[in-house]
Every structure is written in C-alpha cells, then in structure tokens.
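Accompanying notes for the structure given below.
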Amino acid sequence: VLLGGPTANDLHCPMGIYLNGTPVTIQQVAVSSSPPNWNHQEDEPNWAYVLIGGDGFQHGIAGWMPLHDLVYECADTLPVATLKGENSTGHIQLYTLNDRESDPQAIRPDGTEIRVLGQLNHWLHVSLEDTGMFVLYNNVSLSEEADQLLYDLLPERFSGTTRQEHDSDH
C-alpha cells in the first residue's frame, strides 16, 4: 500500500496499491505508529518514504510504505497488460501523473504491452520501456488473473472511493 503519511491509521484507506515486484527508491525512513502484528522494535524505523516509477530523484509518485513490505531484490513477476483505444485514432495517452491535466508522457497504439505496477483510484501505474507512467484503467486490457490480483488488494475505501463505487465503474 502507498499512504500519504507514515501512520497505521491509514492502512485501510491508501492512496494506491502496488504489486509485489514494483521497484521503488527509498528516500527516507522513519519511526511511527504500527499495528502489533508488525512485531516492530521501539525506536527502529518502520516506515519508508518511497518514489515509485521514477528515476530515483523525480517523476513517478511518492508516498509512505511499511518498511516490512519492502525487499532488496525485485521479482520479475509484474503482470503484462495491453493498451486499448478509447478513440478513433487507435492511440492512448500515458501521463506523468494520475491526472489528465498532467503532461502526456507518451502516446502509444492499441495493443502496446505495458507492465502493471499498481493502481491509484481509476488509474493504473504502469511501466513502459522501463519508465513509470499513468494510464486510465479503462484504457488497459488486463488478464483475468491480473485484474483479480488488483481487485483482491483493494481495501473497503481506496483513495476516496469505496469498493462498491469501484465495482460499479468496472
């Protein structure tokens, strides 16, 4: 899960969810609240401020993750998906942030393969040519397995959206 702050109070309403194998850059570690099942040692860091899908310094999206969710070796298990067109041009825009007002980062044709890193509300955070980008969920064709994997990670509230609202949109 990706959170706005280093607190266990937000674990059930994250900004985004990310799949195992998503590369992150740790920019800071901190000590903050944690649930008892973390077996956290007092005064030891238990949160990481991370940058996901960036170049290590900028771009991508930043937030807090539980330090125990991170490992040093990245598994190559991220699901592959394909872009699907929403207009007559047959091309899809990918953005620098999860917002249509952000700068378009790339335009690719239908059928272009991408790797799924995670989900932020109605956006997928994806990797294309080793660069993190955002694309609207509806502009991607996911395998049933990848779709189910993302769905299983969704909490009851997600980036201001309830699970029921998410279900009615997809």
Side-chain angles (χ1 to χ4, degrees), residues 1-81 94-99 102-103 105 114-137 140 142-143 145-163 165-167 170:
V1 296
L2 184 69
L3 305 171
T7 173
N9 295 334
D10 293 338
L11 283 174
H12 300 291
C13 188
M15 292 170 29
I17 52 173
Y18 282 87
L19 300 171
N20 289 337
T22 298
V24 303
T25 301
I26 297 175
Q27 297 187 316
Q28 174 186 350
V29 293
V31 176
S32 189
S33 64
S34 64
N37 64 340
W38 284 13
N39 297 320
H40 171 249
Q41 299 295 317
E42 203 169 316
D43 297 328
E44 287 187 17
N46 58 340
W47 288 92
Y49 187 73
V50 299
L51 180 65
I52 302 173
D55 58 10
F57 303 102
Q58 59 186 0
H59 305 295
I61 192 160
W64 291 90
M65 287 187 155
L67 195 55
H68 76 271
D69 284 352
L70 302 176
V71 296
Y72 290 104
E73 293 184 19
C74 177
D76 190 26
T77 58
L78 294 168
V80 174
L94 295 102
Y95 297 87
T96 55
L97 295 172
N98 57 324
D99 182 348
S102 71
D103 295 330
Q105 192 165 355
I114 53 176
R115 289 226 177 253
V116 178
L117 304 175
Q119 182 179 353
L120 289 92
N121 207 346
H122 300 290
W123 293 84
L124 288 179
H125 197 172
V126 300
S127 177
L128 174 65
E129 300 160 1
D130 294 325
T131 302
M133 302 179 194
F134 293 90
V135 63
L136 284 166
Y137 190 97
V140 174
L142 291 169
S143 68
E145 180 183 356
D147 193 40
Q148 188 63 47
L149 184 60
L150 286 169
Y151 185 80
D152 289 345
L153 291 173
L154 285 177
E156 282 304 311
R157 291 203 61 76
F158 176 73
S159 189
T161 303
T162 66
R163 191 161 181 155
E165 290 168 337
H166 179 272
D167 290 349
H170 294 98

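Since the model is a prediction, treat every value here as computed from it, not as a measurement. For the numbers below, each heavy atom of this structure counts, side chains included, while hydrogens, waters and symmetry mates do not.
When side chains are defined from C-beta on, Tyr18 does not count as touching Val50, because their heavy atoms never get closer than 4.5 Å.
The side-chain hydrogen bond (donor to acceptor under 3.5 Å, both in side chains) search around Asp147 returns Tyr137, not counting sequence neighbours. Every side chain to side chain contact (heavy atoms under 4.5 Å, CB included) that Ala146 has, sequence neighbours left out, goes to Pro79, Leu142, Ser143. Every residue two or more places apart in sequence or in another chain was checked for a salt bridge (Lys or Arg N to Asp or Glu O under 4.0 Å) with Glu145, and none qualifies. Every residue meeting the side chain to side chain contact (heavy atoms under 4.5 Å, CB included) condition with Leu149, not counting sequence neighbours, appears here in chain and number order: Leu19. Partners of Tyr95 according to the side-chain hydrogen bond (donor to acceptor under 3.5 Å, both in side chains) rule, which considers only residues two or more places apart in sequence or in another chain, are Gln93.
When the options Thr25, Leu120, Leu2 are evaluated for a side chain to side chain contact (heavy atoms under 4.5 Å, CB included) with Ile52, the one that passes is Leu2. Checked options Leu51, Leu117, Leu70, Asp69; the residue passing with Val24 is Leu70 (criterion: side chain to side chain contact (heavy atoms under 4.5 Å, CB included)).
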key: Audit row: Gln28, Trp64, side chain to side chain contact (heavy atoms under 4.5 Å, CB included) steps and yes/no   = CA-CA 9 Å; Gln28 174 186 350; Trp64 291 90; 3.9 Å; yes
key: Audit row: Leu124, Leu150, side chain to side chain contact (heavy atoms under 4.5 Å, CB included) steps and yes/no   = CA-CA 10 Å; Leu124 288 179; Leu150 286 169; 3.8 Å; yes
Residue pair Arg115, Val126: steps toward the side chain to side chain contact (heavy atoms under 4.5 Å, CB included) verdict = CA-CA 5 Å; Arg115 289 226 177 253; Val126 300; over 6 Å; no
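Taking both residues in full, the closest heavy atoms of Trp47 and Gly5 are given as CZ3-O, 4.5 Å, listed atom of the first, atom of the second, then distance. For the residue pair Leu3 and Met15, the shortest heavy atom distance occurs at C-SD, 3.6 Å. In terms of heavy-atom proximity, Gln105 sits nearest to Thr131 at NE2-CG2, 3.1 Å. Contact between Trp123 and Asn98 at its shortest, heavy atoms only, is NE1-O, 3.4 Å.
Taking OH of Tyr49 as the reference point, atom CG of Leu67 lies at 15.5 Å (rounded to 0.5 Å). Note that the CG atom of Leu78 and the CD1 atom of Ile114 stand 11.5 Å from one another [nearest 0.5 Å].
Distance alone, capped at 3.5 Å, places no donor-acceptor pair between the Thr96 side chain and the Ser102 backbone. Counting only distance, with no hydrogens or angles, the side chain of Asn46 and the backbone of Pro66 share no donor-acceptor pair below 3.5 Å.
Legend: salt bridge (Lys or Arg N to Asp or Glu O under 4.0 Å) pairs involving residues 11-26, not counting sequence neighbours: none detected.
Relative orientation of the His125 and Phe134 rings is parallel, given thresholds of 30° and 60° on the angle between their planes.
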